[in-house]
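The figures here come from the full heavy-atom set of this structure, side chains too, leaving out hydrogens, waters and symmetry mates. In each ligand, atom 1 is the first atom listed, and ligand 1 is the first ligand listed.
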Amino acid sequence: MQYNRVTSAVIAKLENIVGPKKVLTDRESLETYSHDEVPGTEWCRMPEAVVKPENTAQISEIIKLANSAMVPVTPRGAGTGLAAGAVPVLGGIVLSLEKMNKIIEIDRENLFMVVEPGVTTGEIQLRAREEGYLYAGDPCSAGSSFIGGNVATNAGGNKAVKYGCTSRHIYGLEVVLPTGEVTKLGGKCVKNVTGYDLVRLMIGSEGTLGIVTRIYLKLLPRPRFNSVLLVPFGDMQTAISMVPKLMTGSGIIPTSIEFMDNLCIKSAENFLNRKVPYNEAGAHFIIELEATTEAQLEEDMEAIGNACLENGCLEIFVGDNAATLEKIWKPRRVLAESLRVTSPVYCMEDIVVPVSCIPAVLEEIRRIAGQNNIKIPCFGHAGDGNIHATLLKEDMNDSLWHETKDKVLDEIYQIIYSFGGQLSGEHGIGAKRKNAMAKYMDPVQIKMIRAIKKAFDPNLILNPGKIIDVD
Ligand SMILES: Cc1cc2nc3c(=O)[nH]c(=O)nc-3n(C[C@H](O)[C@H](O)[C@H](O)COP(=O)(O)OP(=O)(O)OC[C@H]3O[C@@H](n4cnc5c(N)ncnc54)[C@H](O)[C@@H]3O)c2cc1C
């Protein structure tokens, strides 16, 4: 597809739509919108203009203009993505949703919250809590990521083992299509099989099929009691082997089962500049439990604690107040930042395998790391089979790093596909994993995805260069 540059005539029309202050063209401002959280200059690209609309009608006008001028548009939330999804890889306009940040409605009769896409996930969680409800979507980036970005990536996170990923909580979306048409998909109905499930198709489409402008979120009753167990194990194999037993044997579904290996424990410890208990352990598990009564919580904690002891854990630390909960969660929460300090250039992967395969896959990753002389700390959501294997560049020179990274990723992907896994569990494909997806996904599915993209976006205006090449 041949795209045009953003001309001064296009800038003038954008200014007409949103007002001059909401169109940015100076280099310093554009730089902020040239990357997301994927490290490395290869994942940066300067936009030609950034536009900050305040409502759906303005977005529709911008998209119509982009179609007539043949200029690509990249939607952007908070830019916390880990797949270079919001990076304008072909230049053009970045459409930032940051000004659309209102909570529109709390519907207490139907248990829904209706929001604009630029509200942070943390604000939604807090508002729900204040009202006595739970919004169960909880990516580790909740404090900064936008709900629109969570929808576009179908974000997972710590609570997905119990509550599922973002898609589980979304029943309706207002969307501006790549043609500029506006439509409302679903809404507040709990059931809906009226035609294809376009809500689910839009969720996780990474801004390639439409711009999400309004979101209908389901609220749940808030569990009144929770506590967290920090469970160190001597080695990762013993730790991870317990997960399938825990999931099937205890009859309890924890809210979270997170793991980190010893390289991660050490990295978090250095970053926080404080000693983490059992810092020599091969692995740490964080298991969170929720219940509606205190008695139920105690019973569940005892059952889970006994299961851990029977399966070889070294110790159990209990967090049951704000201070101890924070102490246990903090090292896990800072992991991404701490690994960046350990090695400013790194490659965080997001592989996902059936839960029972995690021990074997981690063993294979350890073998691949050893054979290729590279450190690959692993952490993630053990209850979902989602492993963030993170390749560290450390002191490798650039060409060795790129050569090693590509080789190691290929070896890891081959392994996970042989175990029935997938490239990404929650971060998405974006630009970062596009080539790998083309290589590993069934060509029949690639054909279907291309056909869907063309049906939604005949001029290939919206977020081109992501997920899949269409032309
Ligand atoms: C420290 C840290 C921890 C993280 N933890 C998790 C985690 O636990 N689980 C998880 O899943 N992810 C996690 N992430 C990744 C990231 O936060 C999520 O992918 C998040 O959903 C991205 O939201 P965002 O608003 O930053 O979107 P952006 O990065 O701005 O955009 C992401 C994608 O969504 C598209 N998009 C954004 N808004 C819209 C919209 N309104 N309409 C259409 N398309 C849109 C963009 O084009 C892009 O393709 C983490 C990231 C960091 C830095």
Geometric N/O contact [X] with ligand 1, under 3.5 angstrom:
{"X": "N463", "result": "yes"}
{"X": "I211", "result": "no"}
{"X": "S141", "result": "yes"}
{"X": "G79", "result": "yes"}
{"X": "T74", "result": "no"}
{"X": "E426", "result": "yes"}
{"X": "G85", "result": "yes"}
{"X": "A78", "result": "yes"}
{"X": "L97", "result": "no"}

Side-chain contact test, heavy atoms from C-beta onward, threshold under 4.5 Å: evaluate it for L462 versus I211 and give yes or no.
-> yes

V355 side chain reached by D384 side chain, heavy atoms, under 4.5 Å | no

G156 near ligand 1 by a heavy-atom separation under 4.0 Å | yes

Among P75, P139, G77, G118, which one has a heavy atom closest to atom 38 (N) of ligand 1?
-> G77

For the residue pair Y135 and H169, does the interplanar ring angle fall in the parallel (under 30°), tilted (30 to 60°) or perpendicular (over 60°) class?
-> perpendicular

Do the charged groups of R332 and E258 touch, with an N to O distance under 4.0 Å?
-> yes

Does E48 come within less than 4.0 Å of R5, counting only side-chain N to carboxylate O?
-> yes

Just checking, is any N or O donor in the side chain of T80 or S145 under 3.5 Å from an acceptor N or O on the other one?
-> no

Quick one: does E116's side chain have a donor or acceptor within less than 3.5 Å of a partner on K102's backbone?
-> yes

Hey, which atoms in ligand 1 end up nearer than 4.0 Å to a heavy atom of [X]?
{"X": "E206", "value": "47 (O), 49 (O)"}
{"X": "G149", "value": "21 (O), 23 (O), 24 (P), 25 (O), 27 (O), 37 (C), 38 (N)"}
{"X": "G210", "value": "43 (C)"}

Give me the nearest non-hydrogen protein atom to [atom] as residue plus atom name, then the distance to 0.1 Å.
{"atom": "atom 35 (C) of ligand 1", "value": "A152 CB, 3.5 Å"}
{"atom": "atom 19 (O) of ligand 1", "value": "T153 OG1, 3.5 Å"}
{"atom": "atom 12 (N) of ligand 1", "value": "H427 CD2, 3.6 Å"}

Start with the C-alpha distance between T213 and E174, add both sets of side-chain angles, then the distance that settles side-chain hydrogen bond (donor to acceptor under 3.5 Å, both in side chains), and finish with yes or no.
-> CA-CA 5 Å; T213 50; E174 179 189 77; 2.6 Å; yes

Single hit among K52, R76, K22 for salt bridge (charged side-chain N to carboxylate O under 4.0 Å, His left out) with E98 | K52

K375 atom NZ: more than 12 heavy-atom contacts under 6.0 Å | no

Ring centroid separation for F285 and F233, is it under 6.0 angstrom?
-> yes

